[in-house]
Peer 1: 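Sending over a structure as structure tokens; questions will come in a sec.
Heavy atoms only: backbone and side chains are in, while hydrogens, waters and symmetry mates are out.
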Amino acid sequence: MGAHPGAEGRLDRDSDEPLWQQLVAVLRDSIETGALTADQALPSEAELIDRYGVSRTVVREALAELVRRGLIYKIRAKGSFVAPPRRDLSFIGSNAGSSEDLAGTGRTVVTRILSLDEGAADEREATALRLAEGAPVVRMRRLRTVDGTPWLLVRTTLPHERFAGVLKANLENRSLYDHLRRTYGVSPAGADRWLQAVIPTAEETALLDLPPGTPVLDIESVAWDEHEVPFEYYHALHRSDESRFYVGVR
């Protein structure tokens, strides 16, 4: 049996803590201390059973909990592996956009404009932006990748009367909020955001480079300016396997 660094540890059978929880703690400690590193294989189920003298049920419960916590991932017929650390993102609970949230991280961020055109506001857009249904709007669809991995697919709607010039702007690899601030003097003073898990369409799945049926985080947002006038409505799909969101409550 091959050695696996950091997978040693002892389980206390006299403890009130269930064995599977103890095994979670042992393996988690190995991951957090770096004894087991990103994408490294964990010992097989058989090895863990032999090493800790526990049942297959205990091992599977422990591994399932580590998957739930985002500490490991499984590949069918290959085993369990240490998950790369997921960066905490805070733009959900702040006025910053996702571009600003990633600024200065040292990661390679690329924003591709998939479409940019004008149209008539549908009922949802009109309600969000306090416009008459059918009023002219600017629509933009973008795909953001981080370190070469598709990360965010977002569709943004802006009032045409206020931001018509956006149609001629070069926003490739640029922050929309930064452009609105510099060009129009508009900055978000607040926003309402709604989150839910959804299964993306086949086209969205392909753009995000995900296996079919993989859930993503659906983010709907309305941002308003210092005068409490809504100026941006967006609907985004975010891969949750690459990051996690932080929301501080004070």
Side-chain angles (χ1 to χ4, degrees), residues 85-119 121 124-125 128-131 136-195 200 204 207-209 216-248:
R86 295 191 292 179
R87 183 181 181 274
D88 286 350
L89 300 170
S90 60
F91 77 89
I92 286 294
S94 76
N95 291 333
S98 58
S99 218
E100 285 86 346
D101 198 22
L102 286 162
T105 64
R107 306 178 76 177
T108 301
V109 181
V110 175
T111 301
R112 181 159 60 102
I113 307 298
L114 302 179
S115 63
L116 177 59
D117 50 36
E118 58 183 304
R124 199 176 192 92
E125 293 168 326
L129 295 172
R130 299 181 196 165
L131 301 172
V137 293
V138 174
R139 293 195 186 101
M140 177 168 50
R141 197 174 187 220
R142 293 167 290 165
L143 178 66
R144 180 161 292 138
T145 63
V146 179
D147 295 336
T149 299
W151 181 78
L152 184 76
L153 179 62
V154 57
R155 184 178 66 251
T156 302
T157 304
L158 304 170
H160 182 277
E161 183 177 359
R162 193 172 184 183
F163 301 113
V166 167
L167 289 164
K168 298 179 180 179
N170 178 13
L171 295 173
E172 201 86 7
N173 294 320
R174 291 189 61 190
S175 161
L176 175 62
Y177 278 5
D178 183 60
H179 177 74
L180 296 183
R181 183 166 48 246
R182 291 172 180 270
T183 307
Y184 300 94
V186 175
S187 296
D192 287 320
R193 293 191 174 120
W194 298 265
L195 286 74
E204 292 164 345
L207 285 169
L208 290 170
D209 193 22
V216 296
L217 187 64
D218 178 293
I219 308 166
E220 190 174 6
S221 174
V222 179
W224 60 86
D225 61 20
E226 60 182 347
H227 304 295
E228 299 188 356
V229 176
F231 69 89
E232 179 208 37
Y233 170 70
Y234 78 69
H235 187 265
L237 298 179
H238 192 291
R239 283 181 60 152
S240 57
D241 59 332
E242 293 293 325
S243 57
R244 63 180 184 175
F245 289 103
Y246 165 76
V247 179

Peer 1: What pairs with E220 under side chain to side chain donor-acceptor pair (under 3.5 Å), at least two apart in sequence or on another chain?
Peer 2: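 Side chain to side chain donor-acceptor pair (under 3.5 Å) check on E220 returns R124, Y233.
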
Peer 1: Measure the shortest side-chain to side-chain distance between L171 and L176 over non-hydrogen atoms and say whether it is less than 4.5 angstrom.
Peer 2: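 The answer is yes; the side chains approach within 4.5 Å.
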
Peer 1: If I take atom CZ from residue R141 and atom CG from residue D117, how far apart are they, to the nearest 0.5 angstrom?
Peer 2: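 The distance works out to 11.0 Å.
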
Peer 1: Roughly how far, to the nearest 0.5 Å, is CZ of R144 from CG of L153?
Peer 2: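 These two atoms lie 11.0 Å from each other.
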
Peer 1: State the OG-CD distance between S221 and E232, to the nearest 0.5 angstrom.
Peer 2: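 CD of E232 is found 6.0 Å from OG of S221.
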
Peer 1: For E161, what residues pass the side chain to side chain donor-acceptor pair (under 3.5 Å) criterion, not counting sequence neighbours?
Peer 2: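 Listed in chain order: nothing, the list is empty.
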
Peer 1: Mind checking side chain to side chain donor-acceptor pair (under 3.5 Å) for D218 and listing every partner two or more places apart, or none if nothing turns up?
Peer 2: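 D218: side chain to side chain donor-acceptor pair (under 3.5 Å) contacts with H235.
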
Peer 1: Listed by chain and number, what are the side chain to side chain donor-acceptor pair (under 3.5 Å) partners of R130, not counting sequence neighbours?
Peer 2: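 Listed in chain order: nothing, the list is empty.
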
Peer 1: Testing D192, D225, V222, L131 one by one against P230 for a side chain to side chain contact (heavy atoms under 4.5 Å, CB included), which residue passes?
Peer 2: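 Going through the options one by one, the only one that passes is V222.
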
Peer 1: Who are the ring pair (Phe, Tyr, Trp, His ring centres under 6.0 Å) partners of F163, not counting sequence neighbours?
Peer 2: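 For F163, the residues satisfying ring pair (Phe, Tyr, Trp, His ring centres under 6.0 Å) (neighbours in sequence not counted) are Y184.
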
Peer 1: Is E172 atom CD crowded by more than 12 heavy atoms from other residues, nucleotides or ligands, each under 6.0 Å away?
Peer 2: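 Yes, the 6.0 Å shell around CD holds more than 12 heavy atoms from other groups.
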
Peer 1: Atom CZ of R139 and atom CG of L158: how far apart are they, to the nearest 0.5 Å?
Peer 2: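 If we round to the nearest 0.5 Å, R139:CZ and L158:CG are 11.0 Å apart.
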
Peer 1: Give the intermediate values and the outcome of side chain to side chain contact (heavy atoms under 4.5 Å, CB included) for residues T111 and L152.
Peer 2: CA-CA 9 Å; T111 301; L152 184 76; over 6 Å; no

Peer 1: Who are the salt bridge (Lys or Arg N to Asp or Glu O under 4.0 Å) partners of R112, not counting sequence neighbours?
Peer 2: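 If we apply the salt bridge (Lys or Arg N to Asp or Glu O under 4.0 Å) test to R112, skipping adjacent residues, there are no hits.
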
Peer 1: Start with the C-alpha gap between V216 and E204, add the side-chain angles, then the distance that decides, and say whether side chain to side chain contact (heavy atoms under 4.5 Å, CB included) holds.
Peer 2: CA-CA 10 Å; V216 296; E204 292 164 345; over 6 Å; no

Peer 1: Report the distance from atom CD1 of I113 to atom CG of N173, rounding to the nearest 0.5 Å.
Peer 2: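 Answer rounded to 0.5 Å: 8.5 Å.
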
Peer 1: Name the one of I219, L208, L217, L207 that satisfies side chain to side chain contact (heavy atoms under 4.5 Å, CB included) with L237?
Peer 2: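 Output: one option passes, namely L208.
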
Peer 1: What distance do L129 atom CG and F231 atom CZ have between them, rounded to the nearest 0.5 Å?
Peer 2: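 It comes to 10.0 Å.
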
Peer 1: Quick check: do R155 and Y234 have side-chain heavy atoms less than 4.5 Å from each other?
Peer 2: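 No, every pair of side-chain atoms sits at 4.5 Å or beyond.
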
